[in-house]
*Asks:* 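Can you read through this structure? Questions will come right after.
Note that these values count all heavy atoms, side chains included, but never hydrogens, waters or copies made by symmetry.
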Amino acid sequence: QAHVVESGGGSVQAGGSLRLSCVASGYTYSRYCMGWFRQAPGKEREAVAAIDSDAIRRYAESVKGRFTISKDNAKNTLYLQMNTLKPDDSAMYYCAASLRYCSGVPPWDRAVVFRYWGQGTQVTVSS
């Protein structure tokens, strides 16, 4: 049973940056899809980015060019570098790990793809 823990959230002004980290202990499928989702109050959880062993980075349109997902397999750690943050980026950010590759059906941006979830880390961007 994997245990996923996020860190790195906080409060920043618009235009600022944050880097989120996610450690997936007990998760031995580093080749499989790992990703970030977010959920703002009153809104549905949405996919932000994902990556697997093919090193293809997948992003939601709303964060392309501003966010970068990366992974350190040796440390079983997933990162999300967030630049040029906007107030609309404010949300609880969740790390998730799956038991399959990012490609396939259902597509990577569906929460059902992911088996293990963290408790979330809050990101607040003020204008």
Side-chain angles (χ1 to χ4, degrees):
Q1 184 75 12
H3 185 54
V4 179
V5 179
E6 308 94 337
S7 62
S11 297
V12 295
Q13 290 191 328
S17 298
L18 282 173
R19 188 175 84 151
L20 305 184
S21 299
C22 165
V23 178
S25 56
Y27 180 69
T28 59
Y29 307 99
S30 59
R31 65 188 183 278
Y32 286 154
C33 196
M34 293 185 71
W36 292 95
F37 284 70
R38 67 186 182 186
Q39 187 169 18
K43 294 186 177 181
E44 292 188 357
R45 188 171 296 193
E46 63 174 356
V48 175
I51 188 171
D52 60 23
S53 62
D54 67 6
I56 296 174
R57 293 171 169 83
R58 298 161 173 85
Y59 297 99
E61 285 296 324
S62 59
V63 306
K64 278 183 179 178
R66 300 188 299 120
F67 290 12
T68 301
I69 189 171
S70 61
K71 188 166 62 166
D72 185 333
N73 289 327
K75 296 181 179 180
N76 235 13
T77 302
L78 184 72
Y79 302 98
L80 185 68
Q81 178 66 43
M82 305 186 296
N83 298 328
T84 320
L85 282 161
K86 305 175 181 179
D88 283 349
D89 295 319
S90 296
M92 186 71 78
Y93 282 70
Y94 297 92
C95 175
S98 74
L99 298 178
R100 48 156 273 195
Y101 293 101
C102 293
S103 59
V105 179
W108 69 271
D109 59 353
R110 305 295 169 84
V112 69
V113 169
F114 297 87
R115 172 72 179 272
Y116 305 107
W117 292 82
Q119 294 299 306
T121 185
Q122 180 68 39
V123 172
T124 303
V125 184
S126 57
S127 57

*Asks:* Side chains of E6 and L20, heavy atoms from C-beta outward: is any pair under 4.5 Å?
*Replies:*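 E6 does not reach L20 side chain to side chain.
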*Asks:* Over all heavy atoms of both residues, which pair between P106 and V112 is shortest? Give the atoms and the distance, please.
*Replies:* CG-CG1, 3.9 Å
*Asks:* Are V123 and Y79 connected in the hydrophobic side-chain network, where two residues link if heavy atoms are under 4.5 Å apart?
*Replies:* no
*Asks:* Linking I/L/V/M/F/W/Y whenever their side-chain heavy atoms sit closer than 4.5 Å, directly or via other members, would Y32 and V4 fall into one cluster?
*Replies:*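 They do share one cluster, since a chain of ILVMFWY contacts under 4.5 Å joins Y32 to V4.
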*Asks:* Would D109 and R58 pass as an ion pair if we require N to O under 4.0 Å?
*Replies:*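 Salt bridge flag = no for R58 with D109.
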*Asks:* Grab the two heavy atoms, one from K71 and one from L78, that are nearest each other, plus how far apart they are.
*Replies:* CB-CD1, 4.1 Å
*Asks:* Counting neighbours of CZ on R100 that are heavy atoms of other residues, nucleotides or ligands and sit closer than 6.0 Å, is the number greater than 12?
*Replies:*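 Buried by this count: over 12 neighbours within 6.0 Å.
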*Asks:* Between R45 and A47, is there a donor-acceptor pair closer than 3.5 Å when you use the side chain of the first and the backbone of the second?
*Replies:* no
*Asks:* Of all heavy-atom pairs between M34 and C95, which one has the smallest distance, and what is that distance?
*Replies:*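 Closest approach of M34 to C95: CE-SG, 4.3 Å.
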*Asks:* Any sub-3.5 Å donor-acceptor pair from R31's side-chain atoms to S53's backbone N or O?
*Replies:*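 Here the side-chain-to-backbone pair does not exist.
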*Asks:* Look at the aromatic rings of Y27 and Y29 and report parallel, tilted or perpendicular, splitting at 30° and 60°.
*Replies:* perpendicular
*Asks:* Using every non-hydrogen atom in the two residues, find where W108 and A50 come nearest and quote the distance to one decimal.
*Replies:*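 Nearest pair, atom of W108 first, then A50: CE3-CB, 3.4 Å.
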*Asks:* Using the rule that two of Ile, Leu, Val, Met, Phe, Trp, Tyr join whenever any of their side-chain heavy atoms come within less than 4.5 Å, decide whether Y59 and V48 are in one cluster.
*Replies:* yes
*Asks:* Does any part of the side chain of K86, heavy atoms only, come nearer than 4.5 Å to the side chain of V125, both counted from C-beta?
*Replies:*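 Contact flag for V125/K86 side chains = no.
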*Asks:* Answer yes or no: is there a donor N or O on one side and an acceptor on the other, between the side chain of D52 and the main chain of C102, under 3.5 Å?
*Replies:*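 Yes.
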*Asks:* Donor-acceptor check, side chain of Y94 to backbone of G35, threshold 3.5 angstrom: yes or no?
*Replies:* no
*Asks:* Got S62 and R38 here, is their nearest side-chain heavy-atom distance under 4.5 Å?
*Replies:*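 S62 reaches R38 side chain to side chain.
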*Asks:* Are any of the side-chain heavy atoms of S30 and N76 separated by less than 4.5 Å?
*Replies:*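 When only atoms from C-beta onward are counted, N76 and S30 do touch, with a gap below 4.5 Å.
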*Asks:* Using side-chain heavy atoms (C-beta onward) and a distance below 4.5 Å, is D89 in contact with M82?
*Replies:*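 When only atoms from C-beta onward are counted, M82 and D89 do not touch, as no gap falls below 4.5 Å.
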*Asks:* Compare all side-chain heavy atoms of S98 with those of F114 and state whether any distance is below 4.5 angstrom.
*Replies:* yes
*Asks:* With clusters defined by side-chain heavy atoms of hydrophobic residues (ILVMFWY) lying less than 4.5 Å apart, directly or transitively, does W117 cluster with V23?
*Replies:*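 Each belongs to a different hydrophobic cluster.
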*Asks:* Can you list the residues that meet the side-chain hydrogen bond (donor to acceptor under 3.5 Å, both in side chains) rule with R57, with sequence neighbours excluded?
*Replies:* none
*Asks:* Run the ring-centre check on Y93 versus F37 and record whether the distance is less than 6.0 Å.
*Replies:*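 No, the ring centres sit 6.0 Å or more apart.
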*Asks:* Might you point out which heavy atoms bring S21 and W36 nearest each other, and give the distance in Å?
*Replies:* O-CH2, 3.6 Å
*Asks:* Taking all non-hydrogen atoms of both residues into account, name the closest pair between L18 and L85 and its distance.
*Replies:* N-CD1, 3.9 Å
*Asks:* Does the pair L99 and Y116 meet the rule for a side-chain contact (heavy atoms from CB on, under 4.5 Å), with working shown?
*Replies:* CA-CA 9 Å; L99 298 178; Y116 305 107; 4.0 Å; yes
*Asks:* How long is the straight-line distance from OG1 of T68 back to CG of L80, given to the nearest 0.5 Å?
*Replies:* 8.0 Å
